[in-house]
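Notes follow the structure.
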Amino acid sequence: DWDLSDEKYRLVCFKLNSFRWLLDLSDAYKATGNNLYIKKGFELIDDWMVKNSNIITGDKWNPYVIAERISNWIGFCSEYCTILNLDINTYAGHLYGQAYELMKSFEFQLGANHLLSEAKALIFAGAFLKDDSMYEFGKKILREEYNEQFLDDGAHYERSISYHIESLQQYYESVDVMNSLDDPDVCAFIKMLVKPYVFLNEMISVKGEIPLFNDAALDYPFFDATDFLATSDRLFFSVAPNSRSSVYSKRWNKEPIKKEQIDWDSKGIFSECGYVHYKFSRNDEKYSFYFDGADCGPDYNLGHAHADAMNILLSSSKKNILVDTGVYTYKPGADRNKCRATKAHNTVEIDG
């Protein structure tokens with residue numbers, strides 16, 4: 001049941017139909033060499049095509065979900081159709097239909113990471129299907145949205161480090177495709193990413209974690225933010241000092257691109273976004289102190305904002321001391337409201 005008709009929490013349907021879990025089947029195959037894992041992946045792709053291709057209904061056709069599905073199907077089919085002697089053109093036809101639908105339904109009204117994921121999916125689809133119009137449209141959106149979504153100090157406009165990472169991910173993966181096609185614009189795109197990478201490196205605490213400002217979680221969008229930061233080693237002539245290569249960055253064990261010099265030295269004061277990260281030592285122990293003097297985000301897009309004005313966080317390399325809940329659910333209700341409320345943060349609450 002791809003609609004999950006008995007499930008009221010929409011994100012469950014989003015996650016099922018995005019097919020990101022194909023990565024788990026891929027990893028299982030690579031770990032064991034057992035074809036059953038990739039056969040199961042294609043069985044589920046085939047089942048989805050049979051049941052959902054004739055009529056466009058429900059959250060499985062949400063533009064963000066289409067975009068994630070396109071990217072994950074292309075990765076899986078590109079790598080494994082040959083191994084199982086499957087006709088890749090069968091999947092290409094379905095992917096073209098989904099990419100065409102996505103082009104008509106871009107979430108310009110929502111913006112943020114959704115729009116970036118949708119643009120990246122068109123870059124993937126344009127490259128895979130050899131469709132220049134899709135490919136160039138995706139690039140155009142990424143160019144325009146960079147100026148909209150990333151501030152002059154490199155921070156993402158939603159002031160969430162988790163969504164900073166997810167947004168940066170869409171650019172990184174797009175750059176990889178552009179590089180594989182010898183796209184002359186790849187240098188300009190990598191140059192754009194210098195400040196966002198420097199910002200992310202500076203936001204990592206002495207404990208190796210991101211601050212949980214606004215909607216953020218230590219394991220989203222990756223189990224470890226320093227893992228994504230390690231992709232800097234492919235793009236630049238030096239790797240981010242606070243990076244640590246793990247599952248995600250090791251997936252991209254490909255030739256280095258290294259198109260841009262980068263200076264990782266930062267004072268930890270980001271006046272455009274309003275965050276301060278002050279590092280100090282006491283009794284041979286290192287500490288991170290964060291101050292949130294930021295806006296909630298762009299006034300027209302506050303979906304990931306918390307009531308955390310003047311919030312502070314403190315941690316040492318051994319433990320977190322003044323903590324924040326971050327976000328642990330998007331399901332509407334008391335729990336969602338609680339983690340966004342002033343009471344959940346280290347700041348002043350007046351009259352409730």
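This is a predicted model, so every value here is computed, not measured.
- Taking a cutoff of 4.0 Å between a charged side-chain nitrogen and a carboxylate oxygen, D27 and R251 qualify as a salt bridge.
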Only distances under 3.5 Å count here; give the side-chain donor-acceptor pairs of residues 294-304 to other protein atoms, sequence neighbours excluded, each with its distance to 0.1 Å.
from: Y300; atom 1: OH; to: E148; atom 2: OE2; distance (Å): 2.1
from: N301; atom 1: ND2; to: L110; atom 2: O; distance (Å): 2.8
from: H304; atom 1: ND1; to: D215; atom 2: OD2; distance (Å): 2.9

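- D46 pairs by the salt bridge (charged side-chain N to carboxylate O under 4.0 Å, His left out) definition with nothing, not counting sequence neighbours.
- A salt bridge does not link R282 to E285: none of the charged nitrogens lies less than 4.0 Å from a carboxylate oxygen.
- Between E144 and K140, at least one side-chain nitrogen of the basic residue sits less than 4.0 Å from a carboxylate oxygen of the acidic one, meeting the salt-bridge criterion.
- Relative ring orientation between Y64 and F14 is described as tilted, the plane-to-plane angle lying within the 30° to 60° band.
- With hydrogens and angles disregarded, no donor-acceptor distance shorter than 3.5 Å links the side chain of K279 to the backbone of S288.
- Nearest heavy-atom pair across I210 and I165 is CG2-CD1, 4.4 Å.
- Scanning for salt bridge (charged side-chain N to carboxylate O under 4.0 Å, His left out) contacts around K319 gives an empty result, with sequence neighbours left out.
- The pair E272-K195 does not count as a salt bridge, with every side-chain nitrogen at least 4.0 angstrom from each carboxylate oxygen.
- Between the side chains of Y248 and T231, not a single donor N or O lies within less than 3.5 Å of an accepting N or O.
- Between N179 and E255, the side chains place a donor N or O and an acceptor N or O closer than 3.5 Å (distance only, hydrogens not considered).
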